[in-house]
Amino acid sequence: MKPPSLGKSRLRGALDDIHDQDTHTELVLSLAADTLAAATAANGVRRVLVVAAEPAALTALHRLGVEIVGDAGARGLNNALRRGEAILRRADPGGVVAALQADLPALRPDELAMALGAAADRRAFVADRQGTGTTLLVAAPGEPLDPRFGTGSALAHTASGAVPLDVAAPSLRSDVDTAADLAHTRRLGLGERTSTLLGEACCLS
């Protein structure tokens with residue numbers, strides 16, 4: 001994660017609800033908190049590690065049962081993910097490592113568990129709802145994650161040999177970069193923290 005004050009720049013000022021710096025920062029943290037709450041509740045997930053550019057800004061997320069480590073100066077998301085992967089591999093060299101975007105506020109634990117199961121010991125990924133980005137990348141057991149996040153990551157992951165997963169998981173495909181994305185996740189039903197921030201009832205089940 002980037003420092004929360006710098007993340008999600010395309011959402012800055014996009015909605016009447018989100019107009020000042022403090023509220024914007026809280027939105028970024030809320031998106032992450034709801035994503036992590038779902039990830040830690042998903043069957044088959046044993047450990048959740050957050051790689052952060054500014055760990056001190058994320059201390060409130062510890063209560064969700066996640067670990068937070070600094071990115072050690074890693075440049076870019078892919079290098080940060082490789083650092084997280086290395087930490088996890090030291091504890092479990094033959095295990096399955098997955099990378100999950102931190103902006104999935106409607107994420108359902110069962111959809112994440114279904115996608116992880118569908119990977120079936122293959123390096124695989126789930127594309128975003130537009131079909132161009134990636135929300136989840138799963139490594140084969142003991143094999144490199146080899147992240148290719150960035151513009152056109154779905155195509156990049158396919159070209160690198162990852163299997164695209166055709167799973168019915170709308171909440172897993174719905175990351176939030178724009179006001180339109182946020183409106184979409186509101187229709188799906190947001191997690192508790194983002195719902196509270198935006199002043200609406202929490203609809204996740």
Per side chain to side chain donor-acceptor pair (under 3.5 Å), S153 is matched among T134, T158, N78 by T134
Would you say V50 ends up clustered with L137 if hydrophobic residues are merged whenever their side chains have heavy atoms under 4.5 Å apart, either directly or through other cluster members?
no
Check for me, please, whether L61 and I87 land in the same ILVMFWY cluster - side-chain distances under 4.5 Å, paths through other members count.
no
CG-CG distance between L107 and L31, expressed to the nearest 0.5 angstrom:
12.0 Å
So, applying side chain to side chain contact (heavy atoms under 4.5 Å, CB included) with V176, which one of L27, T194, T185, V28 is it?
T185
Quick one: closest heavy-atom pair of L104 and T135, and the distance?
CD2-CG2, 4.1 Å
Where A74 and A80 come nearest, the two heavy atoms and their spacing:
CB-N, 3.7 Å
So which atom in G189 and which in A106 form the shortest heavy-atom distance, rounded to 0.1 Å?
O-CB, 3.3 Å
Check the angle between the aromatic planes of F125 and H157 and answer parallel, tilted or perpendicular using the 30° and 60° thresholds.
tilted
Exactly one of L77, T35, L136 should register a side chain to side chain contact (heavy atoms under 4.5 Å, CB included) with Q101. Which one does?
L77
If you look at every heavy atom in S174 and P105, which pair is closest and at what distance?
O-CD, 4.4 Å
Distance col, row L29:CG vs S5:OG, nearest 0.5 angstrom, shows 9.5 Å
Is N79 atom CG crowded by more than 12 heavy atoms from other residues, nucleotides or ligands, each under 6.0 Å away?
yes
Could you walk me through whether L182 and L198 pass side chain to side chain contact (heavy atoms under 4.5 Å, CB included), step by step?
CA-CA 11 Å; L182 185 56; L198 299 179; 4.3 Å; yes
Is there a donor-acceptor pair under 3.5 Å between the side chain of E26 and the backbone N or O of L197?
no
Is the backbone N or O of V167 less than 3.5 Å from a side-chain atom of R173, with the two atoms forming a donor-acceptor pair by type?
yes
Closest approach of A33 and L64, non-hydrogen atoms and distance?
O-CD1, 3.6 Å
Closest non-hydrogen atom pair, A168 against M114:
O-CE, 3.1 Å
Quick one: does L36's side chain get under 4.5 Å of L100's, heavy atoms only?
no
Could you tell me whether the side chain of D34 and the main chain of R193 form a donor-acceptor pair under 3.5 Å?
yes
Under 4.5 Å between side-chain heavy atoms, hopping through other hydrophobics if needed: is there a path connecting V163 to L145?
no
Short question: side chain of R83, backbone of G70 - any donor-acceptor pair under 3.5 Å?
yes
Would a 4.5 Å heavy-atom cut-off, applied to side chains only, mark T40 and V45 as touching?
no
pair E111-P170: side-chain heavy atoms closer than 4.5 Å:
yes
Are the side chain of R108 and the backbone of A38 linked by a donor-acceptor contact shorter than 3.5 Å?
no
Which value, rounded to the nearest 0.5 Å, describes the distance between H184 atom NE2 and D175 atom CG?
9.5 Å
Only pairs at least two apart or in different chains count here, so list each salt bridge (charged side-chain N to carboxylate O under 4.0 Å, His left out) that has a residue in residues 116-132.
R123-D146, R129-D181
Are I68 and T59 side-chain neighbours, meaning at least one heavy-atom pair lies under 4.5 Å?
no
Look at the side-chain heavy atoms of Ile, Leu, Val, Met, Phe, Trp and Tyr, link any pair under 4.5 Å apart, and say whether V48 and V51 land in one connected group.
no
Side chain to side chain contact (heavy atoms under 4.5 Å, CB included) involving L88 - partner list, sequence neighbours excluded:
R47, L49, V97
